[in-house]
Enquirer: 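Before I ask anything, here is the structure I am working with.
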Amino acid sequence: MASPRTITIVVLSVALGLFFVFMGTIKLTPRLSRDAYNEMKRAYKSYVRALPMLKKMGVSSILLRKSIGALEVACGIVMTLVPGRPKDVANFLLLLLVLAVLFFHQLVGDPLKRYAHALVFGILLTCRLLIARQPEEQPPEKRILSVNGDEQPLIHEAAPEKGKVKVS
């Protein structure tokens with residue numbers, strides 16, 4: 001049976017992956033929700049206006065929105081379907097992306113309700129990354145002490161005899 005840690009990582013990976021595929025798709029096309037797509041267009045125009053440096057670098061609101069949307073879809077697919085290390089890389093990229101989006105929301109002065117979802121999903125991405133990067137707990141090995149050719153468990157690790165309580 002899978003460990004609780006493994007189950008947690010899989011559930012978080014799939015849920016976060018699907019969320020970012022959905023959100024990235026909304027940024028790329030109006031097919032899922034025309035209202036949400038139009039809202040994204042408006043929001044990214046305000047982000048580019050708030051950062052004139054982006055305009056100087058030749059980054060339009062359309063390019064910014066589509067780049068972020070494509071990155072969200074790609075990383076979401078990796079988080080959902082690809083096993084191993086690429087999942088952690090996608091998790092990290094999405095975390096950086098969420099931090100950038102939170103910065104944009106703060107820059108334009110959006111109220112908390114406009115970016116609360118980004119904050120929650122940033123926390124979930126952080127939790128998933130921390131859990132995934134923890135080493136798997138291994139059961140303690142029984143260490144054997146060899147005395148005069150006889151193997152015996154170490155004294156402090158020896159199991160107490162049945163029916164007796166070990167008092168220290």
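Atom set for the values below is all heavy atoms of this structure, side chains included, hydrogens, waters and symmetry mates excluded.
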Enquirer: Should the heavy atoms of other residues, nucleotides or ligands under 6.0 Å from CZ of Arg5 be counted, would the total exceed 12?
Expert: yes
Enquirer: State, with a plain yes or no, whether a side-chain heavy atom of His117 is found less than 4.5 Å away from one of Phe19.
Expert: yes
Enquirer: Inspect the surroundings of CG in Leu96 and state if more than 12 heavy atoms from other residues, nucleotides or ligands are less than 6.0 Å away.
Expert: yes
Enquirer: Decide yes or no for Leu51 and Leu54: does some side-chain heavy atom of the first lie under 4.5 Å from some side-chain heavy atom of the second?
Expert: yes
Enquirer: To the nearest 0.5 Å, how far apart are CZ in Arg34 and CD1 in Ile26?
Expert: 13.0 Å
Enquirer: What pairs meet the ring pair (Phe, Tyr, Trp, His ring centres under 6.0 Å) rule with one or both residues in residues 77-104, with sequence neighbours excluded?
Expert: Tyr47-Phe104
Enquirer: Taking salt bridge (Lys or Arg N to Asp or Glu O under 4.0 Å) as the test, write out the residues that go with Arg85, two or more places apart.
Expert: none
Enquirer: If we only count heavy atoms from C-beta on, is the Lys66 to Tyr44 side-chain gap below 4.5 Å?
Expert: no
Enquirer: Nearest 0.5 Å, please: how far is CG in Leu16 from CG in Leu125?
Expert: 5.0 Å
Enquirer: Salt bridge between Glu39 and Arg114, side-chain N to carboxylate O under 4.0 Å?
Expert: yes
Enquirer: How long is the straight-line distance from CG of Leu102 back to CG of Leu107, given to the nearest 0.5 Å?
Expert: 12.5 Å
Enquirer: Which pairs with one or both residues in residues 49-69 pass ring pair (Phe, Tyr, Trp, His ring centres under 6.0 Å), sequence neighbours excluded?
Expert: none
Enquirer: Just wondering, do Arg128 and Asp88 contact through their side chains at under 4.5 Å, heavy atoms?
Expert: yes
Enquirer: Around Phe22, counting heavy atoms of other residues, nucleotides and ligands shown, do more than 12 lie under 6.0 Å from its CZ?
Expert: no
